[in-house]
Amino acid sequence: LNGYLIHNFNPDIIHATYFNKIKLNKKKPVVVTIFDLIHEKYYFDYNFKQQIYPKKDILKIADKVICISNSTKLNLKKYYNVEDNKLEVVHLGVDRSVIKKNYTIDSPYILFVGTRWKYKNFSLLVSMLSKYNKILKDFKIVIFGGGGLSKTEIDNIKNNKLNFEKFIQINGDDGILYELYTNARALIYPSKDEGFGLPLLEAFLNKCPVVCSNIDVLKEVAGDAAEYFDLQDLNSFYESLNRVLYSDSIRNSLINKGLNRLNQFSWEKCAKETLNVYKKIWKKRL
């Protein structure tokens, strides 16, 4: 959205983002989608000296607030005290139209997807592998996205006495990513926090078992289709990953549960529920 579009095309409903710096016309209903509250919860990771509230202006004028998970909804109530009747949960979907590209890794591997810094918790994976080095004897760690490994990450891997050649970082498009999911022994997702956790659905779609942290939002997305571990316990992390890596029966069970879980998430469902939010807000204005 920009000021020209809003002030010259006279929309019936404005679906804004909290990044908007323009003055919205409050004669029109306003909807905003909130994805997460990472900046509020981890402001210190972004070099802010005190708690920040970047969404407060849009939340004041929004008639309805779409949250992409129940966890986001709860956090909005906690950090901004938003009234419950303004909040609507609409889950995301997953892109089923991606055409896979041929991309071969020459040995079995575990997949890590996305950025790695701070709350994404890649360093926890390094710590676990250092303590239980059996896994790196049998598997490589393929890291997709997030840019090349930083000097700090490289030093951390080497300081933990891990074989750096076992770590492969790849950047590419969704065609390569989906192929990597398909051939991975498992997706590992040790995040401390998320707004949703889209890679879990991508893994389900591509028949890749998921091993992830036991935070509420990932349980909301994955249900019984993932193997969970306690972020505070490296042994729990290892045992969960070990079960999936070395048991075909557990892997197959998770794959089947993941495919079933996908039935609850689609972009068609997301669009329909978003339209229902528009209808609610419009009906109220009549």
Side-chain angles (χ1 to χ4, degrees), residues 69 71 94 105 107-146 153 156-157 160-163 166-168 177 180-262 264-265:
S69 66
S71 293
V94 61
I105 304 295
S107 63
Y109 63 89
I110 303 162
L111 184 61
F112 184 103
V113 173
T115 57
R116 303 175 296 275
W117 73 303
K118 308 298 183 181
Y119 70 93
K120 292 292 186 177
N121 223 11
F122 178 74
S123 60
L124 186 72
L125 175 59
V126 173
S127 296
M128 185 275 290
L129 293 172
S130 176
K131 186 174 181 180
Y132 303 98
N133 55 23
K134 168 192 173 184
I135 291 175
L136 277 188
K137 293 178 181 178
D138 297 331
F139 297 93
K140 290 185 176 180
I141 307 298
V142 172
I143 304 158
F144 183 87
E153 290 172 323
N156 188 35
I157 290 169
N160 275 280
K161 296 182 170 55
L162 299 176
N163 182 358
K166 287 282 190 173
F167 293 79
I168 303 172
L177 172 59
L180 290 172
Y181 279 124
T182 300
N183 297 308
R185 191 66 180 171
L187 169 72
I188 182 66
Y189 208 71
S191 184
K192 296 177 184 177
D193 207 332
E194 293 292 328
F196 185 76
L198 191 56
L200 275 59
L201 296 188
E202 294 174 340
F204 294 161
L205 181 65
N206 292 287
K207 299 182 180 180
C208 176
V210 172
V211 181
C212 64
S213 54
N214 62 352
I215 58 177
D216 288 344
V217 66
L218 298 187
K219 289 182 177 180
E220 180 179 343
V221 174
D224 67 349
E227 183 78 21
Y228 298 100
F229 60 87
D230 182 350
L231 283 170
Q232 306 304 317
D233 185 350
L234 287 181
N235 185 63
S236 170
F237 191 171
Y238 168 73
E239 291 293 342
S240 294
L241 183 56
N242 190 66
R243 279 192 291 272
V244 175
L245 293 180
Y246 297 102
S247 171
D248 287 338
S249 63
I250 291 176
R251 289 186 76 255
N252 290 333
S253 175
L254 288 175
I255 288 170
N256 290 330
K257 289 177 180 178
L259 291 172
N260 289 331
R261 188 70 178 169
L262 279 176
Q264 300 184 39
F265 304 93

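What you see below is based on every heavy atom in this structure, not just the backbone, and it leaves out hydrogens, waters and symmetry mates.
Listed here is the closest heavy atom pair of A186 and L245: CB-CD2, 4.2 Å. Taking each heavy atom of K192 and L231 in turn, the nearest pair found is CA-CD1, 3.8 Å. Shortest non-hydrogen contact noted between G197 and E194 is N-CB, 4.2 Å. Of all the heavy atoms in F139 and Y246, the pair that sits closest is CE1-OH, 3.5 Å.
Looking at N260 and N256, their side chains never bring a donor and an acceptor atom within 3.5 Å of each other. Side-chain atoms of N183 and Y109 include no donor-acceptor pair closer than 3.5 Å.
Separation of atoms CG (D193) and NZ (K118) is listed at 15.0 Å; rounding is to 0.5 Å. Here the straight-line distance linking atom CG of L200 with atom CZ of F265 works out to 9.5 Å at 0.5 Å rounding.
The shortest side-chain heavy-atom distance between R185 and R251 falls under the 4.5 Å cut-off. Using a 4.5 Å heavy-atom threshold, the side chains of P199 and Y181 count as touching.
We find that K166 and D138 are not joined by a salt bridge, their nearest charged nitrogen and carboxylate oxygen being 4.0 Å or further apart.
Of the possible donor and acceptor atoms, one in the side chain of N252 sits under 3.5 Å from a partner among the backbone N and O of D248. With hydrogens and angles disregarded, a donor-acceptor distance shorter than 3.5 Å links the side chain of S69 to the backbone of G195.
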May I have the list of side-chain donor-acceptor pairs in residues 205-215 shorter than 3.5 Å, sequence neighbours left out?
unit_1 : atom_1 : unit_2 : atom_2 : d
N206   : OD1    : K100   : NZ     : 3.3
N206   : ND2    : E202   : O      : 2.8
S213   : OG     : S191   : O      : 2.6

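Aromatic ring orientation, F237 versus F229: parallel (interplanar angle below 30°, classes split at 30° and 60°).
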